[in-house]
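Step one of this worksheet: look at the structure below.
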Amino acid sequence: MLEIKCPYCGKRSQNEFSYGGDANIKRPKLGDEVSTKDWDDFVYFRDNPRGKHSEFWHHVSGCRQWFKASRDTATHEIFKTARLDEDL
Amino acid sequence: MTATYRTNSEDNFINKNKVINFTFNGKSYKGYEGDTLASALIANGVHLVGRSFKYHRPRGFLGVGVEEPNAMVQLHEGHKSEPNIIATEVELVEGLKAKSQNCWPSVKFDIGEINDLLKSFFPAGFYYKTFMWPKSFWMLIYEPFIRKAAGMGVAPTKPDPDRYEHNYEHCDVLVVGSGPSGLASALAAANNGAKVILAEDKAHFGGSLLTDNVTVGNKTGKEWAEETISHLKNLPNVIVKNRSQVFGYYDHNMTVMFERVSDHIENPSEYTPRQRLHYIRAGEVVVSTGSIERPLSFGNNDRPGIFLSSAANEYMKIYGTLVGKKPIIFTNNDTAYKTAIEFKKNNINPVILDTRDSSSGDLVKEAESLGLDIKFNYGVANVKGRLKISSATIGKLSSDKESFTELQEIDCDCICMSGGWTPTVHLSSQAGNKLKFDEKIDAFIPNTKRQKETAIGAANGSFTLSQSLAEGFQVGFDLSNSITSNNKKTPLPTSNEPSYEDHDKFWCMPLPQNQKPKRFIDFQNDVAVSDVELAVREGFRSIEHVKRYTTLGMAGDQGKTSNLNGLQHVSNIQKKIVPEVGHTTFRPPYTPVTIGTIVGREVGNHFQPSRKTPTHNWHVENNVVFTNAGLWLRPRYYPRGNETMQEAVNRESLNVRQNVGICDVTSLGKIDIKGPDASELLNRVYTNAWKKLPVGKARYGVMLREDGMVFDDGTTTRLSENHFHMTTTTAQAANVLSHLEFYLQVVWPELNVNVLSTTEEWSGAAIAGPKSRDLMKKIFPLVDFSTEKFPFMGVVETEVLGIHAKIYRISFSGELAYEVNVESNHGLYMWNKIIEVGKEFGIQPYGTEALATLRIEMGHVSGPELDGRAVPYDIGLQGMVSQKKDFIGKRSLQKEAFIQPDRQTLVGIIPIDKKTKIPEGSHLVENDKAALPNPKLGHVSSSCWSVEYNNPFSIAVLKDGKNKIGEKLFAVYPLKNISIPVEVVSSHYVDPNGERVRV
């Protein structure tokens with residue numbers, strides 16, 4: 001079980017959080033024309049790196065804030081967590 | 001029966017004043033307080049304990065603790081019965097019942113032993129080679145045979161009556177193992193102010209200090225251990241746990257430990273758990289888990305009476321038990337001489353066989369000075385005695401050690417062997433430590449760590465006391481100081497111990513001439529030297545493959561005594577060095593853990609939390625049958641008298657259609673949405689338009705995922721300009737809130753909106769049926785319930801008897817209906833009031849089954865249709881999709897598959913015989929006799945007995961459904977061999993124009 005530092009609450013056990021996917025994904029703007037390829041990239045396609053990965057986490061059983069984490073997918077080392085308005 | 005194999009010494013942990021009675025294989029024995037099942041059996045001269053897995057060979061004891069591969073027993077009887085318990089880990093309690101396993105009819109005469117005679121037909125990989133063909137034999141013959149042969153003991157068939165608990169701990173330094181290095185580091189860390197947990201698997205703290213003749217400071221090792229432990233126990237920052245095994249090391253220094261809380265207590269209190277699982281998140285972990293002695297390989301080295309030399313020593317020194325009275329000590333190193341000397345102290349003269357030329361270590365010199373018979377360059381070639389050894393064939397080793405010269409047979413009743421020592425690196429390796437091979441000790445030791453984990457002492461390959469203590473004090477101080485910065489150093493005590501010479505890197509004896517006895521490496525899985533040789537000869541190179549082919553190290557003991565010998569043998573044959581061969585992966589658990597401990601208190605009703613509505617007890621008093629809806633307990637139906645479920649559901653449904661019913665809808669998700677951009681948010685998450693919804697009106701909404709699939713639906717009400725009350729399905733309530741939070745926080749932070757779950761703040765009751773308006777008028781006299789003033793999808797806030805209520809005119813049943821929401825603490829009062837006033841209108845409660853019947857008849861979609869695989873069109877919700885605005889998932893709806901003209905859509909299904917209920921999940925096919933694969937046109941999502949038409953009715957999702965109305969198809973359910981001819985009709989079976997809700 002990982003230990004994750006919520007930027008608002010501090011270190012908590014993984015079972016308080018839920019994973020929210022790749023933090024590099026940007027949703028196309030509402031109302032914009034989006035090509036099929038761009039849309040499919042946004043909806044379906046994700047990188048699956050071995051190593052450093054930026055991801056969203058949600059402190060579901062806590063402050064209910066979404067935040068970003070930089071985690072090593074192989075070792076589970078968490079290098080940094082940051083609020084959404086901060087850089088990772 | 002009197003125990004005849006006891007020492008006369010008092011210097012042990014046995015209390016001879018307290019006799020404990022126990023039975024083994026139905027026979028009564030006596031042991032003493034402080035005994036394990038193993039030590040008590042040995043003291044009674046019982047060595048034959050069980051049968052081996054593959055060959056059913058008679059087996060006894062090899063070790064004294066967790067390393068024991070052979071002595072597995074079935075413990076207790078009935079529902080408390082437990083298989084595969086290692087006797088060396090069971091503390092004796094009054095009345096304990098144990099028996100042998102994997103043998104029939106008895107451990108002394110076991111039919112399965114025929115496998116041993118046929119062993120040349122059962123080499124490594126036997127199963128892989130034999131059960132390959134013909135393919136048709138697999139299901140009928142091979143699998144039942146393998147299943148029968150698999151496993152050792154018998155699992156109980158009734159639920160476990162014992163209680164288990166979980167506990168969460170945090171500490172600065174967790175020390176695993178209380179040998180000299182562990183004690184030293186715990187002491188140093190604790191004195192320096194760190195919060196310390198010290199875990200010891202055994203009942204007694206001290207590890208090798210309890211068995212070795214050493215001094216620390218001016219005390220014996222044992223005295224120093226006792227003094228240190230009592231000092232630690234008195235410190236407020238230290239938790240000391242014996243009978244506690246740290247068995248798993250996971251990410252971010254999360255370790256898991258199980259504690260045997262009351263297994264050793266004769267009559268534990270009802271409230272004492274049997275075992276406890278501790279989750280320990282440690283700042284630093286000190287791995288001071290010691291080392292395990294390796295066996296030597298020689299002919300029939302698995303026979304009962306052959307022990308690890310250290311185990312024999314521990315039986316004498318801890319348990320006052322003699323493993324034999326005519327011992328052979330057989331060793332390739334100095335440490336076995338401790339055992340020899342201990343025998344001599346008990347007036348027994350062992351014969352010592354040493355594979356080396358000589359040794360000038362202190363212990364060897366002491367043995368020589370005691371006049372013991374030491375034969376250098378000697379080894380055991382074979383033993384005699386099937387159920388218990390009676391003699392050994394020993395011989396002088398040739399200079400190349402590839403054969404014996406001068407074989408002779410000597411009588412013996414036990415052999416105590418030592419093939420060197422293997423550091424217990426399991427936890428370090430689990431933590432991600434990359435091990436390295438240490439040539440000097442011929443074993444792997446921790447090297448490059450990935451987590452905050454430090455191995456010390458024997459677990460780190462430091463086998464001497466002085467090294468262990470020095471490492472322990474240093475590491476304990478350093479680790480604690482990085483946390484506390486107290487700089488309080490505990491001085492390193494002086495110590496005294498014998499000197500040791502290097503061990504002989506020779507452990508696998510040659511076969512005696514013209515004989516081919518099995519030389520075992522892995523005792524529990526019956527893997528012999530010849531099996532490893534065969535695997536390599538057949539081309540297996542990777543140690544992981546050799547392991548799986550031979551099953552070496554794959555038994556319950558996880559190869560604690562066998563792994564290293566196995567891979568050394570592979571490297572010998574391949575003429576490689578061990579580090580090139582590598583080692584197999586160490587995985588948790590280090591020792592077997594009961595399932596009960598892992599599960600803890602999360603059994604039965606406590607498997608997950610139960611959410612109960614404020615009217616829960618009313619339902620119970622009215623003979624409800626509950627159903628689980630997520631965590632909620634929801635009324636399913638309320639049977640009267642001898643009613644069947646179907647009868648009750650029909651009655652409840654019909655009463656809603658004809659009179660009025662009341663349904664607990666508290667569990668529906670409720671989200672309060674406030675802020676100047678609230679309507680903009682709704683406009684983006686729902687498929688339909690929200691900006692122009694008037695205050696005081698509700699609207700039905702559908703939300704999608706970005707992939708275009710329907711995510712959830714519900715009604716949302718505008719309470720004021722910037723304040724909305726959203727409802728969600730029971731199942732998706734939590735997910736919808738997370739979804740809204742994601743978009744508000746991550747995607748559109750510019751929106752000024754707050755969302756909050758209010759599900760538990762409101763108690764909700766749906767009042768549905770043609771008489772609901774009359775009932776409502778009576779309860780809420782201040783409200784004008786005329787359609788003009790309070791139309792369908794309207795909302796009114798009112799007060800009655802001082803209780804604030806929100807009334808929504810919404811309907812899931814398709815009848816005229818209202819939903820009354822009051823604050824939770826008034827829920828039961830309001831419910832009772834409605835029931836009381838409703839009597840004259842024939843009110844009856846209805847549950848989720850009737851609710852389903854009513855909505856299915858109306859063609860309203862719910863959970864079974866919103867299955868995450870449906871776009872709005874598929875379930876008849878295309879009218880909800882705005883063409884004018886963008887929203888979550890809209891772009892996906894343009895995908896080619898979703899706009900095909902023959903796209904699936906919602907239809908109704910009626911069996912042609914108007915009698916047969918169609919199972920939910922049935923497939924719709926054109927021809928039920930068609931050859932497989934029979935093309936599936938759709939599936940039945942929800943089924944009910946229509947009370948309106950008195951015949952079965954289902955809704956289904958059908959390809960090109962809109963053009964199939966009136967067609968005849970088959971609903972097939974191949975698992976149950978069901979095929980029902982059906983007709984496709986409209987999904988709006990009752991009141992197709994939706995007039996009833998608007999009256």
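The sequence lines fix the lettering, A, B, ..., with proteins before strands; numbering per chain opens at 1.
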Query - Top contributor to chain A contacts, counting heavy-atom pairs under 4.5 Å, from B/Arg705, B/Gln745, B/Arg684 - result: B/Gln745

Report task. Determine whether the side chains of B/Thr687 and B/Lys890 contain a donor N or O and an acceptor N or O closer than 3.5 Å. Result -> no

Requested in this report: Could you look at A/His58 and say if it's the side chain, the backbone, both or neither that has a heavy atom under 4.5 Å from chain B?
Outcome: side chain

Query raised in the report: Measuring heavy-atom distances to chain A, does B/Phe742 have an atom under 4.5 Å in its side chain, in its backbone, in both, or in neither?
Result: both

**Report entry** Partner chain B: residue of A/Lys26, A/Gln65, A/Lys68 with the largest heavy-atom pair count (under 4.5 Å)
**Finding:** A/Gln65

Report task. Go through the atoms of A/Asp40 and report whether side chain, backbone, both or neither lie under 4.5 Å from a heavy atom of chain B. Result -> side chain

Requested in this report: Could you tell me if the ring centre of A/Phe67 sits under 6.0 Å from that of A/Trp57?
Outcome: no

Query raised in the report: Without hydrogens or angle criteria, can the side chains of B/Thr585 and B/Glu544 be said to hold a donor-acceptor pair below 3.5 Å?
Result: yes

Report summary line: Scored by heavy-atom pairs under 4.5 Å with chain B, the best of A/Val43, A/Leu84, A/Leu30, A/Val34 is A/Leu30

Query raised in the report: Will you find, in the side chains of A/Thr36 and B/Arg891, an N or O donor that is under 3.5 Å from an N or O acceptor?
Result: yes

Query raised in the report: Does B/His739 have its ring centroid less than 6.0 Å away from the ring centroid of B/Phe711?
Result: yes

Requested in this report: Give me the ring orientation class for B/Tyr279 and B/Tyr168: parallel if the planes are under 30° apart, tilted from 30 to 60°, perpendicular past 60°.
Outcome: parallel

**Report entry** Residue among B/Ser738, B/Gly432, B/Gly889 with most heavy-atom pairs under 4.5 Å to chain A
**Finding:** B/Ser738

Report summary line: Highest number of heavy-atom pairs under 4.5 Å with chain A among B/Lys885, B/Lys895, B/Gln894 belongs to B/Lys895

Query raised in the report: So, B/Ser892 versus A/Trp39: side-chain donor-acceptor pair below 3.5 Å or not?
Result: yes

Query raised in the report: Considering only heavy atoms, which portion of A/Ser18 lies under 4.5 Å from any heavy atom of chain B: side chain, backbone, both, or neither?
Result: neither

Query raised in the report: So which part of B/Leu737 gets closer than 4.5 Å to some heavy atom of chain A, the side chain, the backbone, both or neither?
Result: both

Report task. Give, as side chain, backbone, both or neither, the part of A/Arg64 having an atom under 4.5 angstrom from any heavy atom of chain B. Result -> both

